[in-house]
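All chains are named by letter (A, B, ...) in the order of the sequence lines, taking the proteins before the strands, and each is independently numbered beginning at 1.
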There are 2 protein chains.
Amino acid sequence: MSLRHALLGLLADRPMSGYQLTRAFDGSLAHVWSARHSQIYPELARLRDKGLIDLVDEGPRGRKTYAATPEGIEELRRWMLETDGDRGGRDPAYLRVFFLWLLEPADAAAYVRRLAEHHRTTLARYEAAAAEGSPTTARERAFRVALEAGIRHERALLDWAGWALHELEPSR
Amino acid sequence: MSLRHALLGLLADRPMSGYQLTRAFDGSLAHVWSARHSQIYPELARLRDKGLIDLVDEGPRGRKTYAATPEGIEELRRWMLETDGDRGGRDPAYLRVFFLWLLEPADAAAYVRRLAEHHRTTLARYEAAAAEGSPTTARERAFRVALEAGIRHERALLDWAGWALHELEPSR
DNA sequence: GCCTCCATGTAATTGGTTACATGATTCT
DNA sequence: AGAATCATGTAACCAATTACATGGAGGC
């Protein structure tokens with residue numbers, strides 16, 4: 001169950017509310033995991049029941065801020081090293097690429113161009129994030145390492161899209 | 001619902017049984033989508049009810065072979081062009097990378113080395129598949145294009161792992 | 001006063017995994 | 001005869017999305 005550990009990981013860094021966690025899944029974490037608030041709030045309640053997180057503050061508008069407990073961090077560390085059971089990633093965008101042959105060449109090319117556009121914007125966003133300030137803490141350095149994976153991934157697929165457009169030309 | 005369209009895409013290429021489809025998800029498709037037989041068989045029944053696939057043959061051991069109908073291919077084409085609603089990919093292996101700072105440096109390095117090993121074997125498998133014969137049909141050429149995305153993805157992350165190991169050295 | 005964003009929750013439904021259950025064919 | 005593989009299905013459970021529902025705080 002990765003959602004649980006994603007929440008623990010975020011809360012191990014700093015205390016956050018369910019609302020802030022929801023927004024974290026729309027940000028830098030979006031390409032590796034995501035979740036809606038309707039899944040997050042009940043999961044936070046379960047994590048609290050198990051003593052893996054603590055309610056550390058209550059603010060305006062009913063805001064509840066949680067932090068990971070030592071037991072929570074322990075559980076997260078355990079999960080980090082327990083790699084088997086990882087199932088292959090799921091990616092509808094690249095599932096479609098397997099079936100491009102069913103489209104008219106013009107539609108297939110348009111699809112690949114749209115993918116390229118998407119990779120281009122994401123890459124720019126990541127590169128901008130990487131450019132601002134150099135990491136100092138272990139946490140910041142690890143984040144930079146994760147970001148680099150995203151950058152190389154986006155760059156590789158952007159290059160691929162260019163190659164693919166050439167390869168899919170009907171004339172060839 | 002991507003499973004439905006993955007099945008349609010596979011059956012658009014050639015008629016297959018539920019068992020063969022199950023194995024297809026363990027093969028080249030594994031890194032973009034996967035499903036167990038317990039999900040596939042009921043879905044095939046639903047697809048048949050909707051007239052998107054036909055039962056074209058029954059063989060030994062109760063084997064049932066299905067093929068996509070024209071309506072099925074039409075539905076698949078529609079899905080190919082309807083890209084919104086794609087949610088970000090999910091990848092527990094790279095979710096862990098965001099939390100590497102929580103591990104002892106030695107454990108973090110071991111984790112990255114394991115990722116590298118995984119990318120190395122997958123890359124070798126893809127490159128071997130790419131090396132055998134040159135594609136002739138539109139279907140084969142599109143498959144080669146999809147394979148190339150896999151190759152570049154694996155290569156990029158293998159390179160990343162090497163860089164990350166250097167970057168995570170405690171001495172730095 | 002109204003709009004936007006902050007903030008949390010529940011209910012209904014669909015998607016996906018694990019476990020249960022059965023049996024035929026082929027190979028050795 | 002026994003093992004491996006082929007082959008299909010159902011049931012129970014867990015994970016995730018969509019829709020429903022409510023209200024406070026801050027800006028204009």
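- Contact between the side-chain N/O atoms of A/Arg36 and the OP1/OP2 oxygens of D/dA15 is not found at any separation under 4.0 Å.
- With A/Thr65 contributing its side chain and A/Ser17 its backbone, the two residues share no donor-acceptor pair below 3.5 Å.
- Spacing between atom CE of A/Met1 and atom C1' of C/dT18 amounts to 14 Å, rounded to whole angstrom units.
- To the nearest 0.5 angstrom, A/Leu76 atom CG is 6.5 Å from A/His5 atom NE2.
- One atom, CG of B/Leu7, and another, P of C/dG15, lie 13 Å apart when rounded to the nearest Å.
- Between the CD1 atom of A/Ile40 and the P atom of C/dA7 there is a distance of 14 Å, given to the nearest Å.
- In terms of polar N and O atoms assigned as donor or acceptor, the side chain of A/Ser38 comes within less than 3.5 Å of the base of D/dT18 in a complementary pairing.
- The distance from atom NE2 of B/His5 to atom P of C/dG16 is 12 Å, rounded to the nearest whole Å.
- Nucleotide C/dT25 holds its P atom 15 Å from the OH atom of B/Tyr19, rounded to whole Å.
- Spacing between atom CD of A/Gln39 and atom C1' of C/dG15 amounts to 12 Å, rounded to whole angstrom units.
- Checking B/Arg23 against B/His37, the closest nucleotide of DNA chain D that is more toward the 5' end is the one next to B/Arg23.
- Atom CG in A/Leu55 sits roughly 13 Å away from atom C1' in C/dT8 (whole-Å rounding).
- In the set D/dA7, D/dA19, D/dC6, D/dA7 carries the atom at the smallest distance from any side-chain atom of B/Tyr41.
- Taking only side-chain nitrogens and oxygens, B/Arg4 never comes nearer than 4.0 Å to OP1 or OP2 of C/dT14.
- Taking the six-membered ring for Trp and the full ring otherwise, the centers of A/Trp33 and B/Phe98 sit at least 6.0 Å from each other.
- Within the 4.0 angstrom heavy-atom criterion, no nucleotide atom of any strand lies near B/Arg46.
- Stacking of B/Arg96 on the aromatic ring of A/Trp79 is recorded, both the 6.0 Å distance cut-off and the 45° axial limit being met.
- Atom C1' of nucleotide C/dT4 and atom CZ of A/Arg61 are separated by 11 Å, given to the nearest angstrom.
- Note: A/His31 and A/Tyr126 meet the aromatic proximity criterion, with ring centroids under 6.0 Å apart.
- In this structure, B/Ala35 and A/Arg63 both approach DNA chain C, and ranking their closest nucleotides by distance from the 5' end singles out A/Arg63.
- Looking at the side chain of A/Ser17, the nearest of the listed nucleotides D/dA16, D/dA25, C/dT8 is C/dT8.
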